[in-house]
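One structure is given here, and the rest of the page talks about it.
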Amino acid sequence: MSLKIATWNVNSVRSRITHLLDWLREDAPDIVLLQELKCTNDVFPYMEIEELGYNIAVHGQKTYNGVAILSKYPLDEVITGLPGDENDLEARYIEAVVSSPAAVLRVASVYVPNGSSPDSDKFQYKLAFLERLYSHIKGLLELKEILVVGGDYNVAPEAIDVYAPKELDGSICFHPLERQALHKILHLGIYDAFRVANPHSQNFSWWDYRANSYDSGKGMRIDHLLLSAQAIDIMQNCSVVSKLRELEKPSDHAPVICEIK
DNA sequence: ATGGTTGAACCTCAA
């Protein structure tokens, strides 16, 4: 008995619904963490996804952001919004407990702010968000559960995770301050599933729509599945589902998927 | 390449 858990920034769930349904049928992930729904809860395409056997928890927002959890097993204890700032109303975090026959686990879907440019206010919001995520994950890890915090972190952890590390050093998604903030989260003792499963592979999860980036291999690995010790120790594999970036009208992100025993 | 593309909603913003 194993569980497939994936994260995917869909860049509008309504624009990507055909790709999403085809992929759910083909790869049959048990749990999917979605980001950038770009819609409110009332227009989320519940019916088509439920027909494939998924339970759904959505934290939507008009136009921007929006996160969801799809699960073949029941979802309980749903939390929406990242704790730590009651003035932050952006829909960038949802968490739930999944009860599968094999195990009970806690999962979260997170959409870290892009940050725009390192000299902008949005970058300060990104750093503050990562600090709040640090505090929240610190608390979750004390529960000593099987925990998966997956999403679009908008940060590439290491040089191998970007196409041109020297050229990109200091630019958005690869600035020392945001990398430090992500490393601080990892140093709590939560593990980057892709890097644990593939210590030396260069596989990106996002490619800019512009300048033919996908075909020229200019991407970054900014989508991550972070697993607690209880989860990483039973992980079997982790990979990027690049084929979804090759379809007509793709998301600019490809899913990342792992399997736990 | 101070460009380039995409999506949502409005003709601009965020990514």
Side-chain angles (χ1 to χ4, degrees), chain A residues 7-23 33-46 48 58-68 81-82 87-93 109-130 133 150-157 161-175 177-179 181-182 204-224 240 242-256:
Chain A
T7 180
W8 190 23
N9 178 323
V10 288
N11 188 17
S12 167
V13 70
R14 289 179 294 173
S15 287
R16 224 61 63 201
I17 187 64
T18 305
H19 290 357
L20 176 61
L21 295 173
D22 287 349
W23 174 57
L33 311 167
L34 298 176
Q35 302 87 37
E36 272 210 273
L37 307 177
K38 291 188 170 180
C39 69
T40 47
N41 288 30
D42 57 310
V43 292
F44 183 91
Y46 284 97
E48 299 104 302
V58 180
H59 182 35
Q61 182 182 330
K62 188 179 177 183
T63 312
Y64 306 118
N65 310 320
V67 286
L82 182 65
N87 296 316
D88 181 6
L89 300 177
E90 298 197 13
R92 296 179 174 276
Y93 186 86
S109 176
V110 60
Y111 178 40
V112 175
N114 170 278
S116 188
S117 145
D119 58 7
S120 68
D121 291 345
K122 291 194 178 75
F123 188 69
Q124 295 308 312
Y125 171 54
K126 181 180 196 175
L127 293 178
F129 186 95
L130 285 165
L133 189 59
D152 176 1
Y153 284 76
N154 266 314
V155 182
D161 298 315
V162 300
Y163 66 91
K166 284 180 184 165
E167 184 183 324
L168 292 168
D169 185 22
S171 62
I172 202 66
C173 300
F174 198 58
H175 188 283
L177 289 176
E178 51 190 321
R179 292 177 59 204
L182 177 57
F204 304 137
S205 64
W206 170 85
W207 299 260
D208 200 307
Y209 283 125
R210 296 168 289 191
N212 201 25
S213 298
Y214 184 77
D215 288 330
S216 22
K218 292 185 175 177
M220 297 187 182
R221 192 174 69 87
I222 58 176
D223 300 271
H224 308 299
V240 179
S242 304
K243 65 184 177 187
L244 292 208
R245 187 63 176 77
E246 296 169 5
L247 301 173
E248 286 294 307
K249 287 272 171 193
S251 168
D252 45 352
H253 296 253
V256 181

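To find a chain, count down the sequence lines: A is the first, B the second, and so on, and within it residues start at 1. All figures in this text were calculated on a predicted structure; none of them were measured in a lab. Values below: all heavy atoms of this structure, side chains included; hydrogens, waters and symmetry mates excluded.
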Could you tell me how far apart [X] ([atom1]) and [N] ([atom2]) are, to the nearest whole angstrom?
| X | N | atom1 | atom2 | result |
| --- | --- | --- | --- | --- |
| A/D119 | B/dT2 | CG | P | 17 Å |
| A/E36 | B/dA15 | CD | P | 7 Å |
| A/R16 | B/dT6 | CZ | P | 10 Å |
| A/D208 | B/dA15 | CG | P | 14 Å |
| A/K38 | B/dA9 | NZ | C1' | 11 Å |
| A/E90 | B/dA14 | CD | C1' | 10 Å |
| A/F129 | B/dA15 | CZ | P | 12 Å |
| A/W206 | B/dA14 | CH2 | C1' | 13 Å |

Review point. If we ignore angles and hydrogens, is there a donor and acceptor under 3.5 Å between the side chains of A/Y93 and A/D88?
Key: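 Per modelled atom types, A/Y93 and A/D88 side chains form no pair under 3.5 Å.
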**Study point:** ring-ring contact (aromatic ring centres under 6.0 Å, His included) involving A/H19 - partner list, sequence neighbours excluded
**Key:**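 By the ring-ring contact (aromatic ring centres under 6.0 Å, His included) rule, A/H19 matches no residue at all.
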At under 4.0 Å, does any side-chain N or O of [X] touch on OP1 or OP2 of [N]?
| X | N | value |
| --- | --- | --- |
| A/K249 | B/dG7 | yes |
| A/K122 | B/dA14 | yes |
| A/R92 | B/dA15 | yes |
| A/S15 | B/dT6 | no |

Measuring from the side chain of [X] (C-beta onward, heavy atoms only), which nucleotide among [options] has the closest atom?
| X | options | result |
| --- | --- | --- |
| A/Y209 | B/dT6, B/dA9, B/dA15 | B/dT6 |
| A/T63 | B/dA14, B/dA9, B/dA15 | B/dA9 |
| A/R210 | B/dG7, B/dT5, B/dA9 | B/dT5 |

Considering only the [atom1] atoms, how many Å lie between [N] and [M], rounded to the nearest integer?
| N | M | atom1 | value |
| --- | --- | --- | --- |
| B/dG4 | B/dA8 | P | 22 Å |
| B/dT12 | B/dA1 | P | 29 Å |
| B/dC10 | B/dA14 | P | 14 Å |
| B/dC11 | B/dT6 | P | 22 Å |
| B/dA15 | B/dA9 | P | 15 Å |

Review point. If you measure from CH2 on A/W23 to CG on A/L247, what distance do you get to the nearest 0.5 Å?
Key: 12.0 Å
Point to revise | Residue met sooner reading DNA chain B from 5', once A/A211 and A/C39 are mapped to nucleotides | key: A/A211
Point to revise | Residue whose nearest DNA chain B nucleotide is more 5′ - A/V13 or A/N9 | key: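 In this pair, the answer is A/V13.
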Check your understanding: If you look at every strand shown and take non-hydrogen atoms under 4.0 Å, does A/R245 touch a base, only sugar-phosphate, or nothing?
Key -> nothing
Practice item. Give A/Y214 one of three labels, base, sugar-phosphate or nothing, depending on what nucleic acid heavy atoms sit under 4.0 Å from its own. Key: nothing
Point to revise | Nucleotide paired to B/dG3 in any strand shown, Watson-Crick or G-U, under 3.5 Å | key: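 Partner of B/dG3: none.
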Point to revise | B/dC10 - base-pair partner by Watson-Crick or wobble geometry, distances under 3.5 Å | key: none
Review point. Can you tell which of A/H175, A/M220, A/E178 makes a side-chain contact (heavy atoms from CB on, under 4.5 Å) with A/V155?
Key: A/E178
Practice item. Only one of A/I222, A/V240, A/N11 passes side-chain contact (heavy atoms from CB on, under 4.5 Å) with A/H253; say which it is. Key: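 Result: among A/I222, A/V240, A/N11, A/I222 is the only option passing the side-chain contact (heavy atoms from CB on, under 4.5 Å) with A/H253.
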Exercise for review: Determine, step by step, whether A/W8 and A/D223 satisfy the side-chain contact (heavy atoms from CB on, under 4.5 Å) criterion, reporting the C-alpha distance in whole Å, the side-chain angles of both residues, the deciding distance to 0.1 Å, and the verdict.
Suggested key: CA-CA 8 Å; A/W8 190 23; A/D223 300 271; over 6 Å; no
